[in-house]
Amino acid sequence: MKKADDVLTNINAPVESGCKCCGNGRRLKVGIIGTGWIADSHMMSYLNQPDVDIVAGADLIPGKAEAFFKKHGLENVRCYPDHHSMLENEELDAVSVCTYNMAHAVPTIDALEHGVNVLLEKPMCVTLDEAVAIRKAEKASGKVLSIGFQPRMDANMKMIKRIVESGELGQIYYIQTGGGRRRGIPTPFGTSFIAKETGGIGALGDIGCYSLDMVLNAIGYPKPLTVSGYTSDFFGKNPATYADRGHPEYAEAFGVDDFAAAFIRLEGGIILDFRIAWAMNINTPGDTIILGTKGGLRIPSTDCWNGSVGGPMTLYHEVAGEQTETVIPILKNTFEGGLFDEKIRTFLDAVLYNKPAPVPSSQIIYNQAIIDGINRSAKLGREVEINVPEV
């Protein structure tokens, strides 16, 4: 077996890390839309940035925004009962949209129409129609819109892309990807993730979007053409699932998927075999594999998948006519503060220096189109075409 040191230099070249500092002296006024649990992560990262002032926040639940900012030691932040009033009364440089899935599109579009840059938490939204509307608002505004896919910042994810781009795998023709949790339906803060009217989509949007991005970003985000999809909710609808949490009523509230699978045809003759789960009777649905005409790459899964690599990757290829394997060791992320801070920092730098969005909607609209297609196909019980309109 070859050692990692023997891998071709175009793979072993250093993986670039994001910018670690600001530099033009400008301070950014930032607002938070939605002050639920994911907003905590945004807030902690913003507080680590030297050029950010959190000046406003909005939440539909009375008193929630005020309590949120007080918890983080910010007493003078102006709080609003909805995002409309905040956008009308504040001069903001940027907002983080941290609402539940079904409420992603409207505040994002409104913020862009008010000339405000947006960091939108994943998933981008719930439907393809919403994604198209967001893209139109973004293009009309000329502002930065980045989607919150921090796993893309991981050095190992960047290495996957470098391996594909190096040509070591040749022409990619088949990908198997996904991930899951044996038991991991997210209900620590109630039913916002699992109720249809708030979550809209379940495991498919929550962690499935990460899994899709890992491989689609590596291969350059080709257009999806067709999908045959399946979704189920056996665990979510079972009161026994929530026995240890003391909330059997969550089963009645459950209105999304806890498992999804799909067979997706992509432009360029690539087949994508996908599966994702919040709950299942196995520890993992399998490793991610990328097969090409010259080589193959195995990316180990994790027991509780959240957009990470489960161990050293293996590159299967030939050297001088001999079949061999090269182990790609786990790479350490060097960005101070971790991936979430890097997500925030790269977004801020895009705003400050007129850079492209670190995770552009022009790519993630394809991600959303696949999720939308899986849902449509599952409901119809047949393969469907995916048509993403030009924006």
Side-chain angles (χ1 to χ4, degrees), residues 101 122-123 149 151 154 156-157 160 174-188 191 193-194 199-216 218 227-248 250-251 253-264 270-291 296-316 325 327-328 330 367 370-371 373-375 377-379 381 383:
N101 298 343
K122 61 80 185 172
F149 282 49
D154 182 84
N156 301 283
M157 298 297 179
I160 296 169
Y174 174 84
I175 297 172
Q176 171 186 298
T177 195
R181 305 164 181 170
R182 188 168 180 176
R183 294 291 188 275
I185 295 176
T187 56
T191 61
F193 266 102
I194 66 172
I201 45 180
L204 182 55
D206 180 36
I207 53 178
C209 65
Y210 282 156
S211 178
L212 290 169
D213 188 65
M214 175 172 67
V215 293
L216 292 173
V227 59
S228 182
Y230 167 85
T231 61
S232 62
D233 57 6
F234 297 115
F235 293 88
K237 288 289 191 182
N238 185 354
T241 299
Y242 313 99
D244 61 338
R245 306 174 204 186
H247 290 284
Y250 284 178
F254 198 93
V256 295
D257 58 276
D258 58 35
F259 177 86
F263 192 77
I264 305 146
I270 303 171
I271 298 300
L272 176 55
D273 183 356
F274 165 78
R275 71 296 303 260
I276 201 76
W278 270 345
M280 56 185 173
N281 283 320
I282 200 169
N283 63 331
T284 172
D287 295 343
T288 290
I289 60 174
I290 303 177
L291 298 182
L297 182 67
R298 180 180 296 278
I299 306 161
S301 65
T302 62
D303 284 349
C304 186
W305 203 89
N306 62 355
S308 57
V309 172
M313 298 180 285
T314 303
L315 173 63
Y316 298 83
E325 295 85 45
V327 174
I328 312 297
I330 289 291
N367 189 302
I370 291 173
I371 291 172
I374 293 171
N375 271 324
S377 174
K379 290 175 182 177
E383 183 178 67

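Numbers here simply count residues along the sequence, with the first being 1.
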Of all heavy-atom pairs between [X] and [Y], which one has the smallest distance, and what is that distance?
{"X": "Ile194", "Y": "Tyr242", "answer": "CD1-OH, 4.4 Å"}
{"X": "Val227", "Y": "Ala262", "answer": "CG2-CB, 3.8 Å"}
{"X": "Asp257", "Y": "Gly202", "answer": "OD1-N, 2.9 Å"}
{"X": "Thr177", "Y": "Ser211", "answer": "OG1-OG, 3.2 Å"}
{"X": "Ala277", "Y": "Ala203", "answer": "C-CB, 4.0 Å"}

Does a sphere of radius 6.0 Å around CZ in Phe234 hold more than 12 heavy atoms from other residues, nucleotides or ligands, not counting ones at 6.0 Å or beyond?
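Atom CZ in Phe234 is not packed in, count stays at 12 or less.
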
Could you tell me whether Arg182 atom CZ has more than 12 heavy atoms of other residues or ligands within 6.0 Å of it?
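Atom CZ in Arg182 is not crowded, with 12 or fewer foreign heavy atoms closer than 6.0 Å.
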
To the nearest 0.5 Å, tell me how far [X] [atom1] sits from [Y] [atom2].
{"X": "Phe235", "Y": "Arg181", "atom1": "CZ", "atom2": "CZ", "value": "14.0 Å"}
{"X": "Ile201", "Y": "Ile371", "atom1": "CD1", "atom2": "CD1", "value": "5.0 Å"}
{"X": "Leu212", "Y": "Ile276", "atom1": "CG", "atom2": "CD1", "value": "7.5 Å"}
{"X": "Leu297", "Y": "Met313", "atom1": "CG", "atom2": "CE", "value": "6.0 Å"}
{"X": "Thr187", "Y": "Arg245", "atom1": "OG1", "atom2": "CZ", "value": "3.5 Å"}

Backbone N or O of [Y] within a donor-acceptor pair of the [X] side chain at under 3.5 Å?
{"X": "Asn156", "Y": "Ile330", "answer": "no"}
{"X": "Asp154", "Y": "Met157", "answer": "yes"}
{"X": "Lys122", "Y": "Cys209", "answer": "no"}

Taking side chain to side chain donor-acceptor pair (under 3.5 Å) as the test, write out the residues that go with Ser377, two or more places apart.
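So Ser377 forms no side chain to side chain donor-acceptor pair (under 3.5 Å) with any residue.
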
Carefully, step by step, assess Val256 and Asp233 under the rule side-chain contact (heavy atoms from CB on, under 4.5 Å).
CA-CA 7 Å; Val256 295; Asp233 57 6; over 6 Å; no

Option passing side-chain contact (heavy atoms from CB on, under 4.5 Å) with Phe274 (candidates Leu204, Ile175, Thr288):
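The passing option is Leu204.
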
Which residues satisfy the side chain to side chain contact (heavy atoms under 4.5 Å, CB included) test with Pro248, sequence neighbours excluded?
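Residues passing side chain to side chain contact (heavy atoms under 4.5 Å, CB included) with Pro248: Pro239.
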
Pro123 side chain reached by Asn101 side chain, heavy atoms, under 4.5 Å
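Side-chain contact under 4.5 Å: yes.
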
Note: Lys237-Asp258 ion pair, threshold 4.0 Å (strictly below)
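Here Lys237 does not pair with Asp258 in a salt bridge, since their nearest N and O are not under 4.0 Å apart.
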
What residue pairs, at least two apart or across chains, pass salt bridge (Lys or Arg N to Asp or Glu O under 4.0 Å) with a residue in residues 274-287?
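Listed by first then second residue: Asp273-Arg275, Asp287-Arg298.
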
